[in-house]
Every structure is written in C-alpha cells, then in structure tokens.
Undergrad: 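Quick one: the structure is below, and I'll ask about it shortly.
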Amino acid sequence: MLDIQFIRDNPVLVAKRSLQKGYEIDVEGLLGLDTHKRQLQQQVEELRRQRNEIAENTKGQKPDPDHIAKGREIKANILDLEHQLSSVENDFMVLLKTIPNMPLDSVPIGTTEADNVVIREVGEHPSFDFELKNHAQIAEAKGWLDKERATKIAGARFVYTMGDLVRLEFALWQFGMDVLGNKDILQKIISDNNLNISAKPFVPILPPAVAKQEVFEATGRLNKQEQTYKIEDEDLWLNASAEHTIAPIFLNEILPVSDLPIRFVGYTTAFRREAGTYGKDTEGIFRLHQFNKLEMESFTTSDSSLDEHLFMVAIQEYLMTQLGLPYRVLEKCTADIGRPNAKGVDIDAWLPSQAVYRETHTADYITDYQARAMKTRVRQDDGSIELVHTNDATAFSQRPLIAIIENFQTAEGDVRVPEILRPYMGGKEVI
RNA sequence: GGAGGGGUGCAGGAGUGGUUGAACUGGCACGCCUGGAAAGCGUGUAAGGUAGCAAUACCUUCGAGGGUUCGAAUCCCUCUUCCUCCGCCA
C-alpha cells in the first residue's frame with residue numbers, strides 16, 4: 001500500500017504517476033472516503049470517550065439508573081456509527097490497495113514492455129556451423145523431458161524432467177546458494193559496483209509453498225484470475241514464487257535495526273495458472289504451471305534499499321557471467337514494473353533458437369509498499385520506528401537451463417556443461 | 001481425526017465483569033552511588049490511529065473475529081495456534 005498521507009499531500013502527482021504505470025485510479029474517490037472515514041472516526045471516538053467517562057465515574061459502585069440509561073443511548077449511537085465506519089473503511093481499503101507504488105524518477109516512462117530500456121548487453125552470441133535446435137528438441141531427444149505423459153497425469157504445461165537435466169538443475173541451485181552464501185564473493189560484487197552495503201551472506205531458506213489469503217493479500221501479490229491457484233476447501237493459496245511466502249515472514253513484527261540487512265535465498269516449487277497465455281511458449285520448459293526457483297529476498301532500512309536492489313542485479317549478472325551465458329539488462333518502464341514496484345530490472349538471456357533475449361531474471365525494488373500492509377517495521381537505535389524496505393530478485397529459475405542447453409549445444413546434439421557447474425555434476429563436461 | 005488444557009507487555013507471570021494499558025519478578029535504558037565495576041537505590045521501558053504548528057488530549061489493542069452488558073483481559077460463540085494423551089502417517 002501507498003502511504004495515505006502521501007496521497008493526501010500529492011493527489012495530482014499520484015494520479016499522474018499511476019497512469020504512467022497503466023493504472024487509472026480514483027484519487028478523488030479515495031480522498032473523499034478518507035475524509036468521511038475520519039469524520040465518522042471522530043464521532044465514534046467522542047461517543048466512546050463519553051462511555052468511558054461514565055464507567056470511570058461509577059468505579060466500583062453500582063451504577064445508578066440514569067447512568068445506565070445514558071449508557072444505553074450512547075451504545076445505540078456507537079453501534080450505528082461503527083457500522084457506517086466499517087463500511088467506509090472497507091471501501092477505503094479496497095481503493096487504497098489499487099493505488100500502485102510510485103515509480104522512481106529514473107524509471108523510463110512507457111506504455112508496454114517494448115518501452116523497457118536496454119542498459120547493456122553482455123557476452124557474445126554463439127554461432128553454429130550446424131543446424132541449431134531449440135531446447136525442447138534437444139531435451140526431448142535426450143529423454144530429459146516428457147510432456148506427453150505429464151499431460152496425461154496433470155494436464156497441459158506440466159512436465160516430467162529426467163536424467164542429466166535434473167542434475168543440471170540441482171547444480172544450478174547448488175551453485176547459486178554457494179555464491180549467495182559466500183561473503184568474499186559478495187564483498188567483491190559490492191566493491192566492483194561501488195555499493196555501500198553489508199556483505200552479509202544470504203541465509204538459505206525453504207519456505208512453505210502455501211499461504212493464507214490474508215497473508216497473500218498483505219504481500220500485494222494475490223492475482224486470483226491470472227496467476228494463483230487456490231486449494232479447495234482451505235484458506236490457502238499456492239505460492240507463485242518463493243517471494244510470496246518469504247516476504248511476509250516478519251508479518252506484524254518490529255525488527256531491531258541491528259538485525260538488518262536480513263537476507264534470504266529461498267528455494268521453492270512455484271505454481272502459476274498462466275491464464276491468458278494459451279498457445280504462448282508451449283515448447284519445453286519455458287512456461288509451466290509448476291516450476292522451481294531460487295529467489296533472493298531481503299529486508300533493509302530505507303537508506304540502503306536502493307543499493308540492495310542494485311546489489312541483487314549485480315549478483316544476477318555475476319551468476320550469468322559465471323555460467324558464460326550472453327544476456328542483456330533491462331531497466332523496466334513504468335508500464336512493466338508492476339503495482340508494488342518503484343523500479344524493476346529484468347535480465348534476459350540470449351536464446352539462439354529464437355534469436356532473441358528472453359526473460360530469465362527479474363529484480364524488484366519495492367520500497368515500503370509491501371511492508372506497510374505486512375506491518376513489518378524496524379526499530380532504529382534512537383527508538384524510532386519505520387517501515388522496513390523489501391527487495392526481491394531471482395537468483396535462478398529453470399529458464400537459464402534453456403539458455404544453457406541452447407547456447408552450449410553441440411553438432412552431436414549434446415550440451416556442454418558450463419565449467420562452473422561441473423563440480424556439481426560429478427565432473428561431467430558434456431551431457 | 002478424537003479427548004483435555006493453554007495463548008496477557010521484551011521475558012516470566014498475576015489477574016474471572018467496573019480507574020487493569022494491565023500487579024509482581026526479571027531483562028533492558030538512563031541517573032545516583034563508585035577511583036572503576038558489582039551490589040544497592042531511583043526513574044523509565046508497547047503499537048496503531050484521530051485532532052493539533054506543537055505541548056498535549058482522546059480512541060483502539062490482553063491470539064483473531066463476532067456476541068452478551070450501561071461497562072469485558074475477565075461471560076458466550078466461531079476460528080486460529082501451542083501443549084499433553086489416543087489414533088493415523090512420510
């Protein structure tokens with residue numbers, strides 16, 4: 001959620017910046033409800049004060065009939081006003097949640113993802129002196145993927161992954177966790193990028209794969225129609241990213257500033273309905289209802305959150321560079337960063353079969369937008385309390401596997417294993 | 001899944017309808033004391049909201065939500081969570 005005080009102070013700006021993100025919002029309606037809510041609240045509080053006054057004056061004594069009659073009258077009025085208040089409050093909250101986070105000034109303004117700005121391209125596109133195959137062709141020929149049988153069992157967009165591709169996937173998770181747990185590497189990344197933050201390692205975490213609706217709503221990530229699966233007869237939704245169950249870990253908590261930054265690297269299987277994507281990316285493992293992901297999540301103070309975000313992007317680039325994959329970095333435009341974001345970066349890997357870059361990583365700069373609803377706060381050394389800042393970013397999804405298979409394919413239809421992953425593959429150079 | 005018992009502030013732990021936002025103990029912070037420390041003594045120690053320039057005033061919160069009552073941490077209902085026992089089970 002956005003700070004209501006900020007909206008009160010900057011109604012025009014909020015409407016304008018929201019529109020730049022593609023959200024047509026009703027600021028006037030929201031502020032009207034805000035005013036109405038406060039009026040009702042003041043009336044209710046005055047009545048409650050009167051009620052408390054009577055109770056206080058009566059103390060331990062038996063109340064006289066006059067007091068009881070007066071109390072009854074106040075009670076009726078309070079009941080009526082409270083009813084109105086809660087109705088207005090509900091409408092207010094619904095509207096407030098539609099207000100997106102404000103983009104940083106540095107975020108390019110755009111209307112579609114085509115307006116995202118390429119920051120840099122890194123690595124050479126491979127050239128092949130044979131007819132190249134796409135990752136699905138290679139993997140199916142190798143017996144690494146079986147979509148037909150998975151469809152029989154679970155429906156479209158599910159897959160059996162088998163053999164060396166499974167080992168390669170686990171190698172990716174292991175490698176990612178090794179990097180994120182290594183203080184020296186992190187310190188070097190920080191120094192190389194002139195960042196002013198701690199090199200505290202990421203703590204590995206395996207979160208629950210489900211969360212209650214209330215929790216999901218607090219993260220601002222519940223997207224019932226397009227993305228999220230609900231468990232029947234339970235107040236539970238399947239996560240669509242480890243971020244959804246790691247971010248709210250400190251729900252309703254006040255963290256001592258000395259604990260920060262808190263960094264997690266979380267692994268989970270994620271589930272997405274992918275509604276509205278029929279016919280898109282149907283081959284291989286690019287877009288599945290169920291996929292695995294290693295995710296970075298951190299909690300910081302407001303003054304270090306932007307560097308934390310840049311740090312996560314730098315880590316992503318380090319990981320891709322270590323794998324030897326060609327990639328590009330995108331500064332996402334206002335239309336593409338998403339409601340909770342103030343800024344967002346994507347990393348796309350080069351896919352030779354499509355001769356385009358495709359998204360493998362994303363990094364979200366959220367500021368206090370999530371924390372406000374999650375009520376996750378920090379107690380500063382001077383005792384003051386502020387909202388924590390959350391950042392999340394992909395360490396690895398399964399998509400880099402696609403890039404590895406395609407970029408490192410051989411004429412024989414094999415795949416060269418990136419050197420950095422070989423120790424996790426029993427030393428295998430080719431699979 | 002069945003039976004029973006609990007969830008109170010930073011922690012422990014009182015409190016079964018009327019100044020209980022909450023006794024008491026501990027922890028922590030500050031002050032006094034001391035050459036310095038310990039001990040001792042004293043003071044302080046929740047979050048959110050509304051009004052206000054502010055000082056401050058008021059409202060809410062004793063797992064969550066609802067109910068009874070003039071009045072609820074205290075009574076009732078639902079949910080949730082923890083513990084013990086039984087059952088089941090990777």
Side-chain angles (χ1 to χ4, degrees), chain A residues 1-9 30-97 206-219 230-237 245 248-260 262 268-269 299 301-302 368-388:
Chain A
M1 292 188 295
L2 201 60
D3 183 5
I4 183 62
Q5 190 59 51
F6 180 84
I7 301 171
R8 285 174 194 149
D9 295 341
L30 179 69
L31 293 180
L33 286 169
D34 179 45
T35 305
H36 192 193
K37 176 170 83 84
R38 282 187 287 168
Q39 283 168 352
L40 286 169
Q41 189 174 340
Q42 283 167 40
Q43 291 169 34
V44 168
E45 286 182 3
E46 170 57 21
L47 286 171
R48 283 176 180 158
R49 192 195 60 74
Q50 290 175 22
R51 183 190 63 190
N52 292 345
E53 198 173 48
I54 291 175
E56 197 171 322
N57 290 339
T58 1
K59 295 191 187 178
Q61 311 152 11
K62 311 161 192 92
D64 61 67
D66 282 354
H67 279 137
I68 292 179
K70 179 69 180 161
R72 284 216 175 97
E73 186 193 327
I74 292 174
K75 183 182 178 175
N77 290 334
I78 288 181
L79 223 57
D80 177 48
L81 283 171
E82 278 180 341
H83 187 76
Q84 293 180 47
L85 179 60
S86 77
S87 160
V88 171
E89 267 175 348
N90 279 338
D91 295 348
F92 171 79
M93 283 308 293
V94 167
L95 216 46
L96 179 59
K97 283 180 178 174
L206 295 174
V210 297
K212 301 173 194 172
Q213 173 151 342
E214 180 192 352
V215 175
F216 242 117
E217 282 175 349
T219 64
K230 171 119 170 43
I231 297 184
E232 195 177 19
D233 296 333
E234 300 280 344
D235 176 34
L236 291 173
W237 297 76
T245 46
I249 186 171
F250 301 120
L251 198 70
N252 295 323
E253 290 189 44
I254 300 174
L255 307 165
V257 69
S258 55
D259 283 3
L260 302 184
I262 296 173
T268 187
T269 297
F299 303 84
T301 52
S302 57
D368 60 8
Y369 189 87
Q370 267 189 327
R372 184 165 290 106
M374 299 192 300
K375 297 186 172 66
T376 303
R377 292 149 292 170
V378 193
R379 191 186 306 279
Q380 303 283 13
D381 283 331
D382 66 2
S384 65
I385 287 169
E386 68 168 39
L387 290 165
V388 81

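Letters go in sequence order (proteins before strands), and every chain restarts at 1.
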Undergrad: If you measure from the C1' atom in B/G17 to the same atom in B/U68, how many Å do you get, rounded?
TA: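 Taking atom C1' in both B/G17 and B/U68, they lie 11 Å apart.
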Undergrad: Using atom P of each nucleotide, how far apart are B/A38 and B/G31 to the nearest Å?
TA: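 Between the two P atoms, the distance is 13 Å.
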Undergrad: Give me the distances for all protein-to-nucleotides 56-60 of chain B N/O pairs that come in under 3.5 Å?
TA:
residue : atom : partner : partner atom : Å
B/C59   : OP1  : A/Asn52 : ND2          : 3.0
B/C59   : O2'  : A/Arg48 : NH1          : 2.9
B/U60   : OP1  : A/Arg51 : NH2          : 3.1
B/U60   : OP2  : A/Asn52 : ND2          : 3.2

Undergrad: Considering only residues two or more places apart or on different chains, which pairs with a residue in residues 31-50 of chain A satisfy salt bridge (Lys or Arg N to Asp or Glu O under 4.0 Å)?
TA: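 Matches after skipping sequence neighbours: A/Arg8-A/Asp34, A/Asp34-A/Arg38, A/Glu46-A/Arg49, A/Arg48-A/Glu82, A/Arg49-A/Glu53.
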Undergrad: For B/G40, give its Watson-Crick or G-U wobble partner with both distances under 3.5 Å, or none.
TA: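 Across all strands, the one nucleotide that pairs with B/G40 is B/C32.
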Undergrad: How would you label the contact of A/Arg8 with the nucleic acid (heavy atoms, under 4.0 Å): base, sugar-phosphate, or nothing?
TA: sugar-phosphate
Undergrad: Can you measure A/Leu47 atom CG to B/A51 atom C1' for me and round it to whole angstrom units?
TA: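 In whole Å, B/A51 C1' and A/Leu47 CG are 16 Å from each other.
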Undergrad: Please determine, for the side chain of A/Ile385, which listed nucleotide (B/A47, B/U50, B/U80) has the closest atom?
TA: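 The listed nucleotide nearest to A/Ile385's side chain is B/A47.
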Undergrad: Judged by each residue's nearest nucleotide on RNA chain B, which is more toward the 5′ side, A/Arg377 or A/Lys212?
TA: A/Arg377
Undergrad: Once side chain to side chain contact (heavy atoms under 4.5 Å, CB included) is applied, do any residues pair with A/Asp3, and if so which ones, sequence neighbours excluded?
TA: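 In terms of side chain to side chain contact (heavy atoms under 4.5 Å, CB included), with neighbours along the sequence ignored, A/Asp3 is linked to A/Gln5, A/Phe6, A/Arg372.
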Undergrad: How many whole angstroms separate atom CG of A/Asn252 from atom P of B/U81?
TA: 16 Å
Undergrad: With sequence neighbours left out, write down each residue that passes side chain to side chain contact (heavy atoms under 4.5 Å, CB included) with A/Ala209, or none if nothing qualifies.
TA: A/Asn239, A/Thr268
Undergrad: Only counting residues at least two apart or in another chain, list the ones meeting side-chain hydrogen bond (donor to acceptor under 3.5 Å, both in side chains) with A/Gln380.
TA: A/Glu386
Undergrad: Among residues 70-77 of chain A, which residues get a heavy atom nearer than 4.0 Å to RNA chain B?
TA: A/Gly71, A/Arg72, A/Lys75
Undergrad: Given 3.5 Å as the limit, does a donor-acceptor pair link the side chain of A/Thr376 with the main chain of A/Val388, or not?
TA: no
Undergrad: Under 3.5 Å, is there a donor-acceptor pair between the A/Gln39 and A/Gln43 side chains?
TA: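 Short answer, no.
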Undergrad: Using the C1' atom on both, measure B/U69 against B/G9 and round to a whole Å.
TA: 27 Å
Undergrad: Does any nucleotide pair with B/G18 by Watson-Crick or G-U wobble geometry, both distances under 3.5 Å, and what is it?
TA: B/C70
Undergrad: Need the pair for B/U61. Rule: Watson-Crick or G-U wobble, both distances under 3.5 Å, any strand; none if unpaired.
TA: B/A46
Undergrad: How many whole angstroms separate atom NZ of A/Lys375 from atom P of B/U61?
TA: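 It is 15 Å, rounded to the nearest whole Å.
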Undergrad: In a table with atom names and distances, give each donor-acceptor pair under 3.5 Å that connects a side chain of residues 86-97 of chain A to protein atoms at least two apart or in another chain.
TA:
residue : atom : partner : partner atom : Å
A/Ser86 : OG   : A/His83 : O            : 3.3
A/Asn90 : ND2  : A/Ser86 : O            : 3.4

Undergrad: How does each nucleotide of nucleotides 74-79 of chain B score, in 5' to 3' order, for protein heavy atoms under 4.0 Å: base (B), sugar-phosphate only (S), or none (-)?
TA: ------
Undergrad: How close or far is atom C1' of B/U80 from atom CD of A/Gln213, stated in whole angstroms?
TA: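 That distance rounds to 16 Å.
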Undergrad: Look through every strand shown and name the nucleotide pairing with B/U84 as Watson-Crick or G-U wobble, where both distances are under 3.5 Å.
TA: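 Because both required distances fall under 3.5 Å, B/U84 counts as paired with B/A3.
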Undergrad: Measure from CD1 on A/Ile78 to P on B/U68 and round the result to the nearest Å.
TA: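 Computing the A/Ile78:CD1 to B/U68:P distance gives 14 Å.
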Undergrad: Measuring only the P atom in each nucleotide, how far is B/A46 from B/G7? A whole number of Å is fine.
TA: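 Comparing P positions in B/A46 and B/G7 gives a spacing of 23 Å.
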Undergrad: Taking atom P of B/G66 as reference, at what distance in whole Å does atom NE2 of A/His83 sit?
TA: 13 Å
Undergrad: For B/A64 versus B/U80, give the span between their C1' atoms, rounded off to a whole number of Å.
TA: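 These two C1' atoms come out 7 Å apart once rounded.
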Undergrad: Looking at residues at least two apart in the chain, or sitting in another chain, which of them share a side chain to side chain contact (heavy atoms under 4.5 Å, CB included) with A/Ser258?
TA: A/Pro256
Undergrad: State the pairing partner of B/C89; accept Watson-Crick or G-U wobble contacts with both distances under 3.5 Å, and report none otherwise.
TA: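 Paired with no nucleotide.
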Undergrad: Does the structure show a Watson-Crick or G-U wobble partner for B/A51, both distances under 3.5 Å? Name it, or say none.
TA: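 B/U56 - that is the nucleotide pairing with B/A51, both distances being under 3.5 Å.
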Undergrad: Would you please name every residue forming a salt bridge (charged side-chain N to carboxylate O under 4.0 Å, His left out) with A/Arg377, sequence neighbours left out?
TA: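 A/Arg377 satisfies salt bridge (charged side-chain N to carboxylate O under 4.0 Å, His left out) with no other residue.
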Undergrad: Under the ring pair (Phe, Tyr, Trp, His ring centres under 6.0 Å) rule, collect the residues that match up with A/Phe299, sequence neighbours excluded.
TA: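 Applying ring pair (Phe, Tyr, Trp, His ring centres under 6.0 Å) to A/Phe299 gives A/Phe250.
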Undergrad: Using the C1' atom in both, what is the distance from B/A73 to B/G18, to the nearest Å?
TA: 13 Å
Undergrad: Measure CG/A/Asp3 against C1'/B/G48 and give the value in whole Å, please.
TA: 14 Å
Undergrad: If the condition is side chain to side chain contact (heavy atoms under 4.5 Å, CB included), which residues does A/Lys75 pass it with, not counting sequence neighbours?
TA: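 A/Lys75 satisfies side chain to side chain contact (heavy atoms under 4.5 Å, CB included) with no other residue.
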Undergrad: Rounded to the Å, how far apart are A/Phe92 CZ and B/G49 P?
TA: 11 Å
